[in-house]
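As structure tokens, the structure follows; a few thoughts come after it.
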Number of protein chains: 2
Amino acid sequence: MDPHLLRTYVTVARLASFSEAARELGYTQSAVSQHIAALEADLALPLLTRRPVAPTPAGERLLEHAGALLLRLDAARADLDRFAAAPRATLSVAASPLALHARTLAALPATGVTLRALPREAVPAAVATGEADAGLVDGIAAPSDPLRLSDVAPLAATGVAEEPLAVVLPTTHPLAGRSGLRLDDLVDARWLDAPAAGLPLDRLRGAHGGPAGRGFRTALRYEGTDTRTLAALAAAGHGLALLPAPVAADVAGATAVPLIAPRLVHRTELLLPTASRAEPGGPVAEFTRRLKS
Amino acid sequence: MDPHLLRTYVTVARLASFSEAARELGYTQSAVSQHIAALEADLALPLLTRRPVAPTPAGERLLEHAGALLLRLDAARADLDRFAAAPRATLSVAASPLALHARTLAALPATGVTLRALPREAVPAAVATGEADAGLVDGIAAPSDPLRLSDVAPLAATGVAEEPLAVVLPTTHPLAGRSGLRLDDLVDARWLDAPAAGLPLDRLRGAHGGPAGRGFRTALRYEGTDTRTLAALAAAGHGLALLPAPVAADVAGATAVPLIAPRLVHRTELLLPTASRAEPGGPVAEFTRRLKS
DNA sequence: ACTGCCCATCAGGAACGCTTATACCGGGCT
DNA sequence: AGCCCGGTATAAGCGTTCCTGATGGGCAGT
């Protein structure tokens with residue numbers, strides 16, 4: 001299970017073609033064919049069907065492993081490279097959309113910043129692989145509890161902000177007049193499923209009083225990243241949305257009601273590679289200092 | 001960063017000797033020397049000091065990465081091997097000591113079981129690498145919240161038991177008469193630090209009302225795995241111990257007082273490799289069924 | 001049936017990686 | 001000081017691996 005073989009395997013699986021993968025990787029088609037054959041021989045399992053080229057069940061599993069493995073390999077290399085790297089004057093920050101709010105934006109240096117918005121789960125990977133110097137992730141957690149982040153590599157996470165959560169309801173909704181909502185009040189509600197723009201609902205699962213396995217019924221799935229659109233959808237009655245209270249309060253044509261039970265908050269964390277012995281006075285150290293003060 | 005190179009690197013670092021590592025790996029000393037040289041050239045960093053052989057700071061970091069990487073590689077191979085493997089009649093279970101209680105022990109099949117007690121953090125690795133067919137881990141969590149496990153590989157975790165927590169105090173302790181204790185009552189107390197026999201205290205950190213960074217003051221560190229000894233130490237006044245209530249209640253010469261705030265429980269989870277399409281009627285499926293019923 | 005596309009296979013040459021042999025370096029002994 | 005000894009680095013040689021280029025075979029569309 002040579003990483004090179006894994007790399008060609010994931011490329012072939014992604015492109016669904018040996019020849020395409022060969023072009024992308026700078027190999028000949030023959031080499032790619034041999035790579036796959038070597039992997040299949042090593043594991044004594046068929047990994048891909050040919051014509052059409054698609055992963056077998058075993059191949060699907062290998063894809064998961066290979067992805068994580070290659071990511072971790074990149075992370076290791078990036079981490080070690082930082083040891084030798086010269087101090088940089090610019091700062092590159094990867095952030096999930098809702099991690100960008102007044103508190104974190106105010107801490108960004110005035111110049112030399114590259115800000116990249118990424119889906120929530122891609123932020124740790126970006127920091128680990130060195131694509132970003134620092135990361136900002138948000139999520140739902142119990143008060144003063146750390147977020148559950150996928151540990152692609154050893155990253156240092158520190159909390160930088162916590163805000164209440166609020167449910168966005170159409171003003172005409174029967175519960176819109178409440179001063180606070182319990183999740184139990186909403187077990188029958190339809191939710192908006194917007195992993196990129198909103199908050200991941202599944203974190204709530206099992207945390208409320210009901211049976212742990214109980215999922216959330218979703219009315220509409222929104223795959224964009226725009227919170228304004230999400231709020232508009234909620235206002236239009238396409239489903240309920242869960243947002244940080246400050247964000248939810250700004251929504252026109254809808255009412256934001258704080259979530260009071262279970263006791264959960266919207267939390268933002270700063271992610272740094274543990275190897276970043278952020279040189280004093282450098283942009284990373286400065287950013288960190290301003291976030292913590 | 002070939003895994004072979006990483007493997008020899010960690011071996012050299014562990015044995016603090018090129019020659020010893022060569023013997024253990026079945027290479028010549030020359031090959032080992034070349035492996036290390038290749039790694040150092042690739043990363044353009046010195047990884048080891050010679051005479052004595054010890055990792056440099058960069059080398060220390062590489063050790064962390066390499067360990068995780070090799071573990072994940074083993075996990076991947078084991079996972080894929082399970083696809084082709086023939087159904088087995090025996091069941092091998094890896095468990096952390098406190099995960100073994102009436103509820104879980106009752107679910108074990110009558111025959112053909114190998115039970116291996118491991119430190120808490122080694123259980124996921126054992127299941128992932130196929131050393132065990134299933135794992136039982138325990139830990140502290142909020143009620144009906146999953147445990148925070150290191151994700152060496154995709155494992156399926158399901159809760160199988162939750163019990164209250166109790167603090168073990170000497171009968172003469174001023175707080176021994178209480179019917180329940182809050183963690184805040186105990187901020188000044190001395191604790192027993194027994195990661196193998198007891199529960200990891202650091203999970204409590206930040207969860208109680210006080211400042212999040214605040215640690216626990218420990219009086220004595222016990223590195224054994226025997227709960228009875230831990231309890232005896234607590235009874236003898238060497239420090240407080242935190243244990244699952246049913247276990248704590250059995251301690252002679254000491255008093256167990258339930259922990260009522262923060263609301264945390266002792267939770268036990270079953271760990272299965274996601275690839276185990278546990279064939280119906282097989283020992284793994286049987287064990288799972290009896291645990292869930 | 002023919003043709004185009006794509007994957008598998010084969011043979012040859014370059015590159016890699018291991019071993020054997022030897023040089024080098026530092027510490028301890030006489 | 002000189003010598004030996006344990007241990008690492010370097011050099012040369014050789015077997016294996018791995019990639020390329022060429023060729024064969026299967027499937028689909030024309």
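Protein chains get the first letters and strands the later ones, always in sequence-line order, with residue 1 at the start of each. Because the structure is predicted, anything quoted here is derived from the model rather than measured. Hydrogens, waters and symmetry mates are skipped; everything else that's a heavy atom, side chains included, is used.
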Task: N/O (side chain, S33(A)) to phosphate O (OP1/OP2, dT9(C)) under 4.0 Å - done: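 No, S33(A) has no side-chain N/O under 4.0 Å of OP1/OP2 on dT9(C).
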
Task: Residue-phosphate contact under 4.0 Å: S19(A) side-chain N/O, dC7(C) OP1/OP2 - done: yes

Open item on the list: Under 4.0 Å between a side-chain nitrogen and a carboxylate oxygen: does that hold for E24(B) and R14(B)?
Closed with: yes

Open item on the list: Considering only residues two or more places apart or on different chains, which pairs with a residue in residues 27-44 of chain B satisfy salt bridge (Lys or Arg N to Asp or Glu O under 4.0 Å)?
Closed with: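 Sorted result for residues 27-44 of chain B: R77(A)-D42(B), E40(B)-R50(B).
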
TODO: Looking at every strand, decide which applies to V53(B) at a 4.0 Å heavy-atom threshold: base, sugar-phosphate, or nothing.
DONE: sugar-phosphate

Could you tell me how far apart [X] ([atom1]) and [N] ([atom2]) are, to the nearest whole angstrom?
X: L39(B); N: dG17(C); atom1: CG; atom2: C1'; result: 14 Å
X: L47(A); N: dC7(C); atom1: CG; atom2: P; result: 16 Å
X: R23(B); N: dC18(C); atom1: CZ; atom2: P; result: 18 Å
X: I36(A); N: dT9(C); atom1: CD1; atom2: P; result: 13 Å

TODO: Treat primed atoms plus P, OP1 and OP2 as sugar-phosphate and everything else as base, then score nucleotides 16-30 of chain D 5' to 3': B for base contact with protein heavy atoms under 4.0 Å, S for sugar-phosphate contact only, - for none.
DONE: ---BBB----BS---

- [ ] Kindly write out the residues that satisfy side chain to side chain contact (heavy atoms under 4.5 Å, CB included) with P124(A), not counting sequence neighbours, or none if the list is empty.
- [x]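 Expected list: S150(A), V152(A), L155(A), L271(A).
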
TODO: Sequence neighbours left out, what passes side-chain hydrogen bond (donor to acceptor under 3.5 Å, both in side chains) with T229(A)? Give chain and number order.
DONE: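 Applying side-chain hydrogen bond (donor to acceptor under 3.5 Å, both in side chains) to T229(A) gives D226(A).
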
Open item on the list: Which residues pass the salt bridge (charged side-chain N to carboxylate O under 4.0 Å, His left out) test with E121(B), not counting sequence neighbours?
Closed with: none

Task: side-chain hydrogen bond (donor to acceptor under 3.5 Å, both in side chains) pairs, two or more places apart, involving residues 3-13 of chain A - done: T8(A)-H35(A)

